[in-house]
Amino acid sequence: MPIRPIRRFGDPILRRKARKIERVDKSLQPLIDDMIETMRAADGVGLAAPQIGVPWRLFVAEVDDKVYALVNPRVVKASKETETADEGCLSLPGLRGAVERPARVTVRGQNRRGKEQTIEAEGLLARCFQHEIDHLDGILYTDRMKPDAVLHPVDESDEDDEEIEAPA
Ligand code: ZN
């Protein structure tokens, strides 16, 4: 299971709309395993397939020790209530910025066995799911920052702060 190189900001694949996966079968499993391994190696909480150069609608995430792999995911419900928190992205290393998003979302998609799943998420998981689904539509978190919000570098003191979330 090799770790794949992560595409950086400026790579055109990060701006393309990813394609629907028509069949979830055995052939997809090594890709999902590689994505999980790559995400962990980079200390991320999520990774979307386009971030490793694969233009398909698939992401992995790991929040509260639970691993998710979602194929053709979509947000089917989002709360009116929003939360603003700093986000980072493995494709924009070393940076963070505040993004306002719905606080709770219901996400539907297939798991790695092709079974349809509906997941209600809040907190970091809700933020992570929205961030990853955005990647599948060529959207980066910086696109969602308010015009007056500032991208700032991650520094050592931030690393020790539990409130700072891992990049996705
Ligand atoms: Zn990201």
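The figures that follow rest on heavy atoms only: side chains count, while hydrogens, waters and symmetry mates do not. Order of listing sets the numbers, starting from 1, for every ligand and every atom in it. We're numbering straight along the sequence, starting at 1.
- Taking a cutoff of 4.0 Å between a charged side-chain nitrogen and a carboxylate oxygen, Arg40 and Glu62 qualify as a salt bridge.
- Salt bridge status for Arg101 with Glu122: absent, with no side-chain N to carboxylate O gap under 4.0 Å.
- Each of Lys20, Arg57, Gln110 was checked for a side chain to side chain donor-acceptor pair (under 3.5 Å) with Asn72, and the lone residue meeting it is Gln110.
- Defined by atom type and a distance below 3.5 Å, a donor-acceptor pair is present between the side-chain atoms of Glu100 and Thr82.
- Aromatic pair Tyr68/Phe129: centroids less than 6.0 angstrom apart.
- The number of protein N/O/S atoms found under 2.8 Å from the Zn ion (ligand 1) is 4.
- Look at Arg112 and Asp25 and you find no salt bridge, because none of the NZ, NE, NH1 or NH2 atoms lies under 4.0 Å from a carboxylate O.
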